[in-house]
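Just below is one structure, and these are the notes that go with it.
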Amino acid sequence: MLRVALIQQTAEREFAPNLAFLEAQICDAAAQGARFILTPENSAMLEPDREAHRAKARAEEAHPLPPLFSRLAQETGAYLLAGSIAVSVAGDKLANRSLLFAPDGSVVARYDKIHLFDVDLANGESYRESALIAPGGAAVTVKTPLANLGLSVCYDLRFAALFHALAQAGAEIITIPSAFTVPTGEAHWHVLLRARAIETGCFILAPAQTGTHAEGRRTYGHSLIVSPWGEIIAEGGTAPGLVIADLNLSEVAKARQRIPSLSHDRPFTPPSFLSG
C-alpha cells in the first residue's frame, strides 16, 4: 500500500505565503505517513497579471521553491511533486514546469506543460496561457521505488492521447496538478479525471487550486484521487488542506486485465470527408 497526499491550496500572488503554507502541509502529510505528496499547478505563485507574472518568474536555479522542497524531501523521506512553477526559459516566455523530488533531495524528473489554455468562457473570463508560456514538447515518465509515474499538468487532461502514451510507456500513477476554473470544473473536472483513469488503468492524482485568488480569479478545488477502475477514492471539496488515501498498486494490473484496451491499438487510415 502506498499512502499519498494531495495538497489543496488557495495560492496567493507572492512566493512567501504560498511556500509557508506548502511547508506546513507537507510536514503534516508526512507525519500522517504519506510517502508521495503533491501540490497543485502554480503552487509557488498564482499571479493573474501577465506582466507581473513574467517579472516575478525565476530561472529554476534561482527559484525559491526547489531548495525548500529539496530540504523537505530529505527531512520527510517522501517523494514530493511540485505541481508546477513558472520558470524563465528562452526569450520572454516561461515554462509551466512540474518537478519531482526524491527523498535524497534531488530533482529526478521535470515536465513542462504541453497543452496551453487559450479560451474565452461564456461568463466573460478569458485566458491566453500561450501569451506567457512556452509549450513543452516531451511526455515524461519516471520509475521510482514507489511506482512508475506519468506527469501532466491541468489542461493536458483534455488530451487523451497523452495519457494513453503515458500508460503504454508503463505509468501506474498519472499526476495532474491543476488550477481549473470554476465553470469548466463544474462541467468537466470529475468526468474527465474518471475517464482518464478508466482509459489508462492508472491511478489518477489531481491536486487542485481552490477558492478566490488575486483580482477575483476563482478556481474549482475538488482535488481527486481516482482508482484505475474509475472510482473516486478521495475528494477535497472546496477548502484548502490535505486529501490522503492509501493506494493498492495491484489494482492497476487487475483493471488492465479486465479491460486490456492498452494492448488493442490497431493502425487505421486517418478520416477524410467523402462527397455525398
Side-chain angles (χ1 to χ4, degrees), residues 2 4 6 8 36 38 40-41 81 83-84 96 98 111 113-119 121-122 127 129 135-136 139-141 147-210 219-238 243 245-266 268 270-271:
L2 170 62
V4 300
L6 312 185
Q8 187 157 283
F36 185 25
L38 301 81
E41 182 182 31
L81 182 80
S84 82
N96 192 347
S98 222
Y111 168 71
K113 183 178 180 181
I114 293 172
H115 301 99
L116 304 182
F117 189 53
D118 289 359
V119 67
L121 299 177
Y127 297 89
E129 193 173 18
V140 173
T141 55
N148 295 336
L149 308 178
L151 307 186
S152 72
V153 174
C154 200
Y155 191 51
D156 286 330
L157 174 59
R158 295 185 179 275
F159 299 85
L162 172 62
F163 290 79
H164 193 74
L166 293 173
Q168 286 193 319
E172 299 165 298
I173 295 172
I174 298 178
T175 62
I176 316 177
S178 297
F180 251 60
T181 68
V182 170
T184 57
E186 289 175 341
H188 299 150
W189 176 247
H190 289 77
V191 68
L192 283 173
L193 288 168
R194 294 186 67 198
R196 296 297 89 86
I198 293 165
E199 292 164 352
T200 62
C202 288
F203 282 99
I204 298 293
L205 305 183
Q209 294 286 347
T210 191
T219 51
Y220 182 61
H222 295 275
S223 298
L224 289 184
I225 299 174
V226 186
S227 80
W229 199 243
E231 301 160 323
I232 294 174
I233 300 172
E235 180 169 350
T238 58
V243 181
D246 294 319
L247 310 185
N248 182 348
L249 292 174
S250 69
E251 292 181 22
V252 174
K254 290 178 183 177
R256 292 175 179 176
Q257 184 178 32
R258 293 169 75 182
I259 306 291
S261 58
L262 290 174
S263 61
H264 288 171
D265 280 330
R266 293 182 61 83
F268 56 87

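- Partners of Y155 under the side chain to side chain donor-acceptor pair (under 3.5 Å) rule, at least two apart in sequence or in another chain, do not exist in this structure.
- Nearest approach of S84 to N96, heavy atoms of both residues: OG-OD1, 2.6 Å.
- Between the T141 side chain and the L166 main chain, no donor and acceptor come within less than 3.5 Å of each other.
- In this structure, the separation between CG on N148 and CD1 on I173 is 9.0 Å, given to the nearest 0.5 Å.
- Among residues two or more places apart in sequence or in another chain, the side chain to side chain donor-acceptor pair (under 3.5 Å) test is passed with E172 by none.
- Checking each of L247, I232, D246, I204 against I225 for a side chain to side chain contact (heavy atoms under 4.5 Å, CB included) leaves exactly one that passes, namely L247.
- Note that SG of C154 is 11.0 Å distant from CG of L116, once rounded to the nearest 0.5 Å.
- Of all non-hydrogen atoms in A171 and G150, the two that sit nearest each other are CB-N, 3.8 Å.
- For the pair E129 and D118, the tightest heavy-atom approach, listed with the atom from each and the gap, is N-OD1, 2.8 Å.
- Applying the side chain to side chain donor-acceptor pair (under 3.5 Å) rule to pairs touching residues 250-261 yields N248-S250, sequence neighbours excluded.
- The side chain to side chain donor-acceptor pair (under 3.5 Å) search around S152 returns none, not counting sequence neighbours.
- Here the CG atom belonging to L157 is positioned 6.5 Å from the CH2 atom belonging to W189, to the nearest 0.5 angstrom.
- Across A167 and C202, no two heavy atoms sit closer than the pair CB-SG, 4.2 Å.
- Considering CG of L193 and CG of L224, their distance stands at 5.5 Å, rounded to 0.5 Å.
- Here the closest heavy-atom approach between residue L149 and residue F36 is recorded as CD1-CZ, 3.9 Å.
- Taking every heavy atom of both residues into account, Q209 and T219 meet most closely at C-OG1, 3.2 Å.
- Among residues at least two apart or in separate chains, salt bridge (Lys or Arg N to Asp or Glu O under 4.0 Å) pairs with a member in residues 189-203 are R196-E199.
- Within the model, atoms CD of E41 and NZ of K113 stand 4.0 Å from one another, a figure rounded to the nearest 0.5 Å.
- Considering only heavy atoms from C-beta on, T200 stays 4.5 Å or farther from H164 through its side chain.
- Inter-residue side-chain proximity for I114 and P135 is flagged as unmet; no heavy-atom pair is nearer than 4.5 Å.
- Just one residue in the list I233, T175, I174, V226 forms a side chain to side chain contact (heavy atoms under 4.5 Å, CB included) with F203, and that residue is I233.
- At least one side-chain heavy atom of L151 sits under 4.5 Å from a side-chain heavy atom of L81.
- Taking the side chain to side chain donor-acceptor pair (under 3.5 Å) definition, one finds that E186 meets it with nothing, sequence neighbours left out.
- Atom CZ of F117 sits about 7.0 Å away from atom CZ of R158, to the nearest 0.5 Å.
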